[in-house]
Each structure stands twice: as C-alpha cells, then as structure tokens.
Amino acid sequence: MQTPSSLLLLLTLLALLEPSKTQISPREGWQVYSSAQDPDGRCICTVVAPEQNLCSRDAKSKQLRQLLEKVQNMSQSIEVLNLRTQRDFQYVQKMENQMKGLKAKFRQIEEDRKTQLTRHFQDLKEKMDELLPLIPVLEQYKTDARLITQFKEEIRNLTGILTTIQHEIGAFDYEDLHQRVLGLETRLRECMKKLTCGKLMKITGPVTVKASGPRFGAWMTDPTASEKNNRVWYMEGFTINKVVREYKSMADFITGAESRTYTLPVKWAGTSHLVYNGSLFFNKYQSNIIIKYSFGTGKVLAQRSLDNAGFNNVYPYTWGGHSDIDLMADEFGLWAVYATNQNAGNIVISQLRQDTLEVVKTWVTGYPKRSAGESFMICGTLYVTNSHLTGAKVHYSYSTKSSSYEYTDIPFHNQYFHISMLDYNARDRALYAWNNGHQVLFNVTLFHIIKTDEDM
C-alpha cells in the first residue's frame with residue numbers, strides 16, 4: 001500500500017514536534033535534513049525548524065499532535081475498510097461475469113432449441129433465477145465504493161489543513177477542526193460497525209481441536225473477552241453433572257492442562273450452555289429455569305423461569321438430550337430458543353437482559369422445535385439445521401429484525417456423524433460444535449452491504 005504524499009508530509013512534520021536527534025543545531029534556522037522522490041516524481045523533504053519556534057504554543061502543539069495521531073489511525077482504518085469493500089466488490093463482479101456467461105448460453109439455447117435437451121434448458125434457467133438477485137447487490141457495492149472514496153477524500157482534506165496549521169499555528173479555528181475530526185471518526189466507526197454483521201452464506205471446516213469426553217457435551221469461550229483472553233470451558237454430558245472445567249488457553253485445552261474446576265450448585269440440562277461476560281448461563285435440570293452463575297464469585301447472580309417453555313425432553317432437538325432450552329449469544333446480546341404448547345411446539349425466540357434474565361422481546365416462528373437438529377444466532381437471525389446426523393444443513397432462518405423467515409440450503413460437513421452442540425461465537429466468527437466426542441470449529445462466511453445515510 002502506497003502512502004499518500006500528504007500523509008508523508010504529515011508524518012515528517014509530526015516528527016519535527018519531537019526533540020531533534022540529529023547533529024544539526026536547532027539554532028541555525030530552517031535546514032534540510034533529508035530528501036527523496038515519490039513515485040509521481042514529487043520531491044519530499046524533511047526539515048528542522050528553529051528552536052525558538054518549537055517552544056511556542058506548546059499546548060496547541062500537543063493538541064495538534066493528538067489530532068494528527070487520530071487522523072493517522074483513521075487513515076489506517078479507512079484502508080482496512082477499503083480492502084474489505086474491494087474484496088466483496090470483486091466477489092460480486094465475479095458473480096456478474098458468471099451471469100453474463102449464463103446469459104450467452106441462454107441465448108444460444110433459445111436460438112437452437114431443437115438441438116438442446118429440455119432438462120439442460122431448465123437447469124440453466126434456474127441458475128439464472130438464482131443469480132438475478134445479485135444485480136441490485138452489485139449496484140449497492142458501487143454506492144459503497146463511492147462512500148469509501150468520500151471518506152478518503154475527507155481524510156486528505158483534513159490532512160492538508162493540519163499541515164497548514166503546522167506552519168501557522170493559530171490561523172485556523174482549533175475547535176472547529178476538532179469537531180470535524182470527531183465527526184469523521186464517528187462516521188467511520190458507524191461504517192465499521194456495519195461491517196461486523198451480515199447474512200450467513202457458507203460454513204467451512206470443520207477443524208478438529210480435540211477428541212475427548214463422551215458422545216454429548218459442550219465447550220466454549222467467552223465472546224465478550226479480549227483477544228488475549230482465550231480461556232476455554234468444558235462441560236461433559238447433558239444431565240447429572242455439575243462440574244465445569246476451565247483451561248487458561250486453547251493450547252492448554254488441547255494438552256489437557258486444566259487450570260480450575262467449578263462445582264455448580266445445581267445440575268444442568270442439555271448442552272446449550274453459554275459463557276458471556278465472565279458468567280455461565282445454563283438451564284437448571286428438570287425445569288425451565290435459566291441460571292446465571294459467576295465464575296468470579298462462585299455464586300448465582302440471577303435466575304428466572306421462561307414462561308411456558310417446555311423442558312425435560314418435551315421439545316428437544318432431534319437428538320434429544322434434554323435440549324429443550326438453548327441459550328446463545330450474538331452481536332446483539334443474549335438469546336433463548338425454546339418451544340411452548342401455546343405455539344404448538346414451534347420455535348420461540350426471546351431476547352434476554354444479561355443482568356436480570358428478563359425477557360426483552362419475543363418472536364414466534366412456525367418451525368417445529370422437534371424437527372430442528374440444532375440452531376444458532378448470527379446478527380439477530382436464527383439459523384436452524386434440519387438434522388444432527390450426516391447430511392445436516394442449515395435449512396431455515398428467521399430474522400428478528402424483519403420478523404420474517406426463509407428456507408435455506410447451506411450444507412456443512414458433519415465429520416463425526418452426530419452433533420449435540422452448535423453455537424456461534426461473535427468474537428471468533430466461528431461455530432463451536434461437539435461432534436460425537438470431538439470438539440470442532442466451523443468457519444462462517446457472512447455477506448454484508450454497507451448502507452449510506454440515504455438508504456437508512
């Protein structure tokens with residue numbers, strides 16, 4: 001990645017604010033320290049300013065340096081954002097080229113129908129129907145590219161202003177400039193936030209992390225933890241047990257170097273447990289009560305009954321195992337998935353407050369809980385598999401944002417033939433699974449569109 005010339009000049013001028021480390025005396029006036037030529041043939045010079053100028057207006061110089069650092073950080077974020085958008089843009093362009101190729105084949109079939117089989121004609125027509133919805137997506141990406149260009153232009157403009165002020169401190173309204181930088185930073189953060197969510201397009205893997213334990217169980221990391229905190233929690237079986245094992249890192253988990261164990265006050269039911277913000281959330285055995293247990297204090301912080309939720313293998317997943325109540329988390333917080341008699345045994349989704357476990361909002365679906373192999377939430381959308389055995393795939397999805405559903409066809413490799421736990425981790429952008437005594441990870445591919453303010 002080439003550094004814009006204006007940014008090179010900024011970095012040079014910022015270096016001048018630091019104490020000189022060369023042998024040139026600052027009392028000798030403005031002197032050239034080094035010079036170079038950029039790819040466009042322009043000269044880039046590093047100069048040393050007189051000492052008397054460096055000592056004036058120290059407060060504003062410090063504020064200016066902070067602004068420069070913030071602009072540099074935003075410039076780097078812009079480049080990352082630009083790379084992501086260009087990557088997705090290239091993906092859609094590839095789809096567009098495939099569409100053009102299919103259109104050519106389609107025209108060829110229409111010109112010589114008698115020489116083509118009816119089945120071949122229908123297959124191509126179905127592929128065309130699948131690709132046609134990508135046309136508006138391509139147009140949206142063109143809009144996204146213009147948005148990124150606009151951000152980059154604003155960064156360049158602010159860089160130019162800061163460069164001018166570096167020569168003439170006080171000639172520009174500092175407060176106005178500060179507000180412009182803050183405003184641009186806010187817009188950039190909003191844009192980056194939109195990149196974190198998207199629609200599930202593909203599941204790849206799995207990667208087998210370890211083979212241990214019985215046929216059923218759960219293992220997880222905390223999606224709210226920092227990147228340096230990779231503690232792993234491990235819970236065997238779906239009833240009777242009360243012991244939770246903790247490992248300081250994934251490496252320790254693989255080698256079996258256990259760091260601590262916790263004995264819960266009550267037994268758990270199922271395998272759909274969750275560690276979130278340092279606490280364990282689980283379903284109390286033979287009840288529809290959810291419990292929040294603090295690993296830090298070793299105490300129950302909250303517990304609440306899910307009204308009308310089935311339990312004790314009344315509405316489990318296809319594999320049974322007291323999996324009536326599934327606790328999960330995504331980018332939007334804590335969720336519970338279950339079924340009720342009032343909804344004829346179909347899946348119910350409730351968003352929960354993580355501190356009190358109160359239900360914030362509930363959505364009812366038409367998908368039978370007993371026909372679901374497993375389910376997980378990504379960006380406010382519930383994805384449901386059709387089986388826990390070989391040949392399983394994501395068959396159904398329900399968006400809590402639009403309160404609508406659709407049938408999907410997203411396959412994944414059930415390597416060890418029996419899945420009894422499948423949960424999404426938003427930090428790792430991965431699915432954690434317990435596959436017949438094996439702890440495995442699946443990678444997910446999400447498709448996202450950046451929307452401009454006019455589209456909101």
Side-chain angles (χ1 to χ4, degrees), residues 193 196-198 200 218-226 229 231-233 235 244 262 264 266 268-285 287-297 299-311 315 317 322-340 343 347-365 369 372 374-384 397-401 403 421-433 444 446:
K193 185 178 179 180
T196 62
C197 268
L200 179 65
W219 73 295
M220 66 217 79
T221 59
D222 189 340
T224 65
S226 65
N229 183 353
R231 286 187 296 172
V232 178
W233 289 271
M235 303 167 69
V244 182
Y262 303 86
L264 303 179
V266 295
W268 66 69
T271 58
S272 301
H273 324 300
L274 169 69
V275 174
Y276 192 82
N277 200 21
S279 293
L280 173 68
F281 297 81
F282 66 97
N283 175 210
K284 181 181 178 181
Y285 180 52
S287 75
N288 58 9
I289 296 174
I290 302 172
I291 292 179
K292 177 182 179 181
Y293 174 85
S294 170
F295 286 128
T297 63
K299 297 180 180 179
V300 172
L301 299 182
Q303 58 180 332
R304 187 174 296 273
S305 174
L306 273 178
D307 291 342
N308 303 315
F311 62 93
Y315 295 119
Y317 288 128
H322 294 261
S323 56
D324 303 73
I325 298 175
D326 193 347
L327 301 175
M328 55 189 74
D330 68 353
E331 292 79 359
F332 300 146
L334 189 65
W335 305 83
V337 172
Y338 53 98
T340 65
N343 196 35
I347 288 177
V348 176
I349 307 168
S350 290
Q351 189 170 22
L352 308 176
R353 286 176 56 96
Q354 67 157 310
D355 52 351
T356 64
L357 301 180
E358 290 179 282
V359 174
V360 178
K361 188 175 180 180
T362 295
W363 295 260
V364 294
T365 77
K369 177 76 162 48
E374 275 287 345
S375 67
F376 52 90
M377 293 288 291
I378 300 180
C379 299
T381 296
L382 180 71
Y383 294 92
V384 182
S397 67
Y398 185 93
S399 169
T400 58
K401 181 177 181 181
S403 297
M421 170 246 174
L422 188 65
D423 280 325
Y424 173 69
N425 186 296
R427 184 192 68 170
D428 301 337
R429 192 65 65 84
L431 295 173
Y432 282 63
V444 297
L446 304 183

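One-based numbering along the sequence shown. Keep in mind that what you see is a predicted model, and the values were worked out from it rather than measured.
Rounding to the nearest 0.5 Å gives a distance of 12.5 Å between OG of Ser279 and CD1 of Ile291. Taking OG1 from Thr381 and OH from Tyr424, the interatomic distance works out to 11.0 Å, rounded to the nearest 0.5 Å. Here the CH2-CD distance, from Trp335 to Gln354, works out to 14.0 Å after rounding to the nearest 0.5 Å. Here the straight-line distance linking atom NE2 of His273 with atom CG of Asp326 works out to 10.0 Å at 0.5 Å rounding. The distance from the CG atom of Leu334 to the CG atom of Leu357 is 7.0 Å, given to the nearest 0.5 Å. To the nearest 0.5 angstrom, Met328 atom CE is 11.0 Å from Ile378 atom CD1.
Looking at Tyr432 and Asp428, their side chains do bring a donor and an acceptor atom within 3.5 Å of each other.
In this structure, Ile289 and Phe311 have side chains that are not in contact, with every pair of non-hydrogen atoms separated by 4.5 Å or more. Side-chain contact between Thr365 and Ile349 is present, with at least one heavy-atom pair separated by less than 4.5 Å. Using a 4.5 Å heavy-atom cutoff, the side chains of Asn425 and Met220 are not in contact. Contact of the Thr221 side chain with the Val275 side chain is not registered, since no non-hydrogen atoms from C-beta on lie closer than 4.5 Å. Under the 4.5 Å side-chain criterion, counting only non-hydrogen atoms from C-beta, Tyr398 is not in contact with Ile347. Side chains of Leu280 and Leu264 form a contact here, defined as non-hydrogen atoms less than 4.5 Å apart. Taking 4.5 Å as the limit, every side-chain heavy atom of Met377 sits out of range of all side-chain heavy atoms of Glu331. Inter-residue side-chain proximity for Met421 and Trp219 is flagged as met; some heavy-atom pair is nearer than 4.5 Å.
Of the possible donor and acceptor atoms, one in the side chain of Asp330 sits under 3.5 Å from a partner among the backbone N and O of Gly380. A donor-acceptor contact shorter than 3.5 Å links the side chain of Asp222 to the backbone of Asn277.
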List the steps and the verdict of side chain to side chain contact (heavy atoms under 4.5 Å, CB included) for Trp268 and Met235. CA-CA 10 Å; Trp268 66 69; Met235 303 167 69; 3.3 Å; yes
Side chain to side chain contact (heavy atoms under 4.5 Å, CB included), that's the test. Do Lys292 and Tyr276 meet it? Break it down for me. CA-CA 10 Å; Lys292 177 182 179 181; Tyr276 192 82; over 6 Å; no
Test side-chain hydrogen bond (donor to acceptor under 3.5 Å, both in side chains) on Ser272 and Asn283 and set out the steps. CA-CA 8 Å; Ser272 301; Asn283 175 210; over 6 Å; no
Please lay out, stage by stage, how Lys369 and Tyr317 fare under the test side chain to side chain contact (heavy atoms under 4.5 Å, CB included). CA-CA 6 Å; Lys369 177 76 162 48; Tyr317 288 128; 3.8 Å; yes
Under the criterion side chain to side chain contact (heavy atoms under 4.5 Å, CB included), I'd like the reasoning laid out for Val337 against Leu382: C-alpha separation, chi angles, the key distance, then a yes or no. CA-CA 9 Å; Val337 172; Leu382 180 71; 3.8 Å; yes
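Nearest approach of Leu327 to Ala336, heavy atoms of both residues: CD2-CB, 3.9 Å. In this structure, Pro223 and Ala426 approach most closely via the heavy-atom pair CB-N, 4.1 Å. Across all non-hydrogen atoms, the minimal contact from Thr340 to Asn308 is CG2-O, 3.3 Å. Closest of all the heavy-atom pairs between Phe332 and Cys197 is CZ-SG, 4.0 Å. Contact record, Ala218 with Thr271: CB-O, 3.3 Å, taken as the closest heavy-atom pair.
Qualifying salt bridge (Lys or Arg N to Asp or Glu O under 4.0 Å) partners for Arg231, counting only residues two or more places apart in sequence or in other chains: Glu246. Partners of Asp355 under the salt bridge (Lys or Arg N to Asp or Glu O under 4.0 Å) rule, at least two apart in sequence or in another chain, are Arg353. Listed by chain and number, the residues in a side chain to side chain donor-acceptor pair (under 3.5 Å) with Tyr285 amount to none (sequence neighbours excluded). Val359 pairs by the side-chain contact (heavy atoms from CB on, under 4.5 Å) definition with Leu306, Ser350, Leu352, Thr362, not counting sequence neighbours. With sequence neighbours excluded, no residue satisfies side chain to side chain donor-acceptor pair (under 3.5 Å) with Asn343. Annotation: side chain to side chain donor-acceptor pair (under 3.5 Å) contacts of Glu358 (sequence neighbours excluded): Thr356.
Ring geometry for Tyr262 against Phe295 counts as tilted: the plane angle lies between 30° and 60°, on a 0 to 90° scale. Using cut-offs of 30° and 60° on the angle between ring planes, the pair Phe376 and Tyr383 is parallel.
The cationic group of Lys299 does not satisfy the cation-pi geometry with Tyr293, failing either the under 6.0 Å distance to the six-membered ring centre or the 45° limit from the ring axis.
If you look at Tyr315 and Tyr338, their ring centroids are not closer than 6.0 Å.
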